[in-house]
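So that the names make sense, note that chain A is the first sequence line, chain B the second, and so on, each numbered from 1.
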Amino acid sequence: MKILIKNGKVIDPAQKIFKQMDILVDNGKIEKVEKNISARSVEIIDAEGKLVTPGFIDMHTHLREPGDENKETVESGLRAAIKGGFTTVCAMPNTKPACDNAQQARYLFERAREIGTASVLPIGAMTKDRKGKEMSEMGDLKDAGVLAVSDDGDSVQDALLMRRVLEYASMLDLLAISHCEDKSLSEGGVMNEGKWSTVLGLLPIPGASESIIVDRDIRLSEIAGARIHIAHVSTRESVEIIRRAKKKGIHVTCEATPHHMTLTDESLGSYDTNLKVNPPLRSDDDVAAIKKGLKDGTIDVIATDHAPHLISEKEKEFDYAPFGMIGLETALALAAEALVEGGHLDWPGLIEKLTSNPAGILKISSGTLAPGSVADITVIDPEKEWVYEENKIVSLSRNSPFKMRKMKAMVTDVIAGGKIVLRDGELVEK
Amino acid sequence: MNRQKKKSTNGFRWERKHLLGIAELSTEELALLLDQAENFREVMDRPIPKVPALRGKTIVNLFCEPSTRTRTSFELAAKRLSADTLSIATSSSSFIKGESLKDTARNIEAMQIDMLIIRHSTPGAPKFLSECIKASVVNAGDGSHEHPTQALLDVFTIRRKLKKIVGLNVSIVGDIAHSRVAKSNIFALKKLGAEVTVCGPKTMMPSGIESLGVKVTYDLKEALKGADAVNVLRIQAERQNQTFFPGIREYARMFGITKEKLNKYAKKEILLLHPGPINRGVELSQDAADGEFSVILDQVTNGVAVRMAVLFLLSGIK
Ligand SMILES: [Zn+2]
Ligand SMILES: [Zn+2]
């Protein structure tokens, strides 16, 4: 099938393109990107007034399969991804059982192929069963096609083991993704430490529990010569440590989530358990530092940390509810509000953090609209206003604090692997 | 008693359905609560200390954390208002047995109750309940968040003795970080115009406490100097396995209040409050607890009047 996207403003950060052009897709590939393409017997997408970008890549998604299929499955997660403009998602390995072996990684690749829409890149566990005790079989994971390892949800507490993991991963050219948390400081905590934890009487998680491990893991990756990517950066101190390390030439990259650039710990006054996330929502000052880090390039990537949980688990006392919120369907609008409306980034600057930057870090060929590339394309209406309504959520879970929030900027069409999978804001079912 | 009574002298009318914390109350609401408590305090000195105000209303005490003192005080307050009361006092594990707090509350509500008084170990539990049931919810202490009726009775006791709150210097001594009593007292006292100093080991001082407008000191002398009242917090035995301070002996020496220290550093007419139960010889010595400064027993009596006022005012808006 040939598809022609007409009259859109094309943003391809990898090629530094930001201008009005047409895109012709043929046989799953991008055929050409030029002005005024005309072609016969093609499906036409009119992108007048819209932005046409590479399909987004989420470096941080929890798909919950296997083990918690009532919260999310590969299939439902990919539907949510497409709704949000993502054509590739990295599946974090904290499933039940954990994805610490080649067989499970192959299963995820297989499921995504069967579904035949967006791509899944399984992230392997760094340690066996994510226990932080012994290295996982990273060689096997690599052979299965895994590109990165992480114990996300937990942080390897033993510095020596972390050093070994980084050395071993770098031998295999695997990216190490670190969820940074010193558990001895954060244990029992449910929200950011500061004025609001004091007012609300909720047990605090100090910012230092994150930045201490950010610092540790950057130093260890320097010794190991590894590529390290810091997951969900949430504090000013972490941003500053990463900025210094980059200046020094250390191979470190990092991501921030839309919720950490949108909400602060003050909002927890509602005791809404959908606001309970790890790392926790931080202070105004931290949010300002995240935005500055995104602006000056210290923060490379916007990733969702999409973490589905059942309403029945979240409808509990704050202390007993699980950490996490869903984010695939709201990522673009929230990031655009915080960064483009907020004057920190222009559209190409924002799109870069959703496409070419994650592609570069993961060393994958997607994330660009260069002719010959796989046709993963997202079309955005930047002016479209919409409301995030609960009954329109595609994810199996509903744990979002953004329900009923007014949004601006909407993903209207998505092409994944040359197929139209979202058309005028509606999923195209098989 | 009719609705007219629920208006304060300046015509302010009570509208609130739940009492979840002091932080959200206005100064007018606080003043009205204290005035109402004063009315009930007078009732308590009558030969028959009972009014028919809440006849026909059903009030449930749901205590998911042990506390005989607060529960009894609420029970008595409800009885003196002629309400029907039921107390469910047991640890969360044995009563709830896997049932969620929401289901428990809904089951209780299905018995057609008017008010639910809740004590729970997790902050925000009363707010959570107020969002899922129709009855009025009264917070009788939620984790380290708030204990509004305790603060009201503390402030009420000080006001009765010293005839005002504005301009007073009140010190709170002890484990500030884990104390809902400290928090609610700070909010109430600041709203009513008092100066508040908090004192305790630095390890028990929560971050950002200064932003609540209090003075922080780690020196008990400082906290006692010039104070009109000192509220001494109970040191929780169960926290001692965590290293917040080296031991009871050193705590008592540095932060424990004795008659000797009061005589040496404090004003002659200082009031000594304690939410109870007291660890004698730790945060408070025997001679201080039972001495002439102590208003600890007044607090217990006043607690009933304050809780009557809370139940009475909240019942008005159905
Ligand atoms: Zn994480
Ligand atoms: Zn995560």
4.5 Å side-chain heavy-atom contact, A/Lys195 and B/Ile209:
no
If you count the non-hydrogen atoms of other residues, nucleotides and ligands that lie under 6.0 Å from NZ in A/Lys403, is the total more than 12?
yes
Would you give the length of the straight line joining atom CZ of A/Phe318 to atom OG1 of B/Thr122, rounded to the nearest 0.5 angstrom?
10.5 Å
Around A/Gln157, counting heavy atoms of other residues, nucleotides and ligands shown, do more than 12 lie under 6.0 Å from its CD?
yes
Selection from A/Pro204, A/Ser312, A/Gly269, A/Ser270 maximising heavy-atom pairs under 4.5 Å formed with chain B
A/Ser270
When you look at A/Thr198 and B/Lys183, which way does the side-chain contact (heavy atoms from CB on, under 4.5 Å) test go after all the steps?
CA-CA 8 Å; A/Thr198 295; B/Lys183 227 86 67 54; 4.1 Å; yes
Under 4.5 Å to a heavy atom of chain B? For A/Val190 that would be neither
Side chain to side chain, B/His145 and A/Tyr271, heavy atoms closer than 4.5 Å:
yes
Does A/Arg219 have more than 12 heavy atoms from other residues, nucleotides or ligands lying within 6.0 Å of its CZ?
no
Pick from B/Ser207, B/Cys132, B/Ser211 with the largest number of heavy-atom pairs that fall under 4.5 Å of chain A:
B/Ser207
Do A/Thr273 and B/Phe128 come close enough that some side-chain heavy atom pair is under 4.5 Å?
no
As a quick check of understanding, evaluate side-chain contact (heavy atoms from CB on, under 4.5 Å) for B/Leu101 and A/Tyr320, giving each step before the final call.
CA-CA 11 Å; B/Leu101 178 61; A/Tyr320 304 152; over 6 Å; no
Hey, is NZ on A/Lys183 packed in by over 12 heavy atoms from elsewhere, all under 6.0 Å?
yes
Spacing of B/Glu131 atom CD and A/Glu315 atom CD [to the nearest 0.5 Å]
10.0 Å
Nearest-0.5 Å distance that lies between atom CD in A/Glu313 and atom OG in B/Ser100:
12.5 Å
When A/Leu203, A/Leu202, A/Leu268 are each screened for side chain to side chain contact (heavy atoms under 4.5 Å, CB included) with B/Pro123, the one that passes is A/Leu202
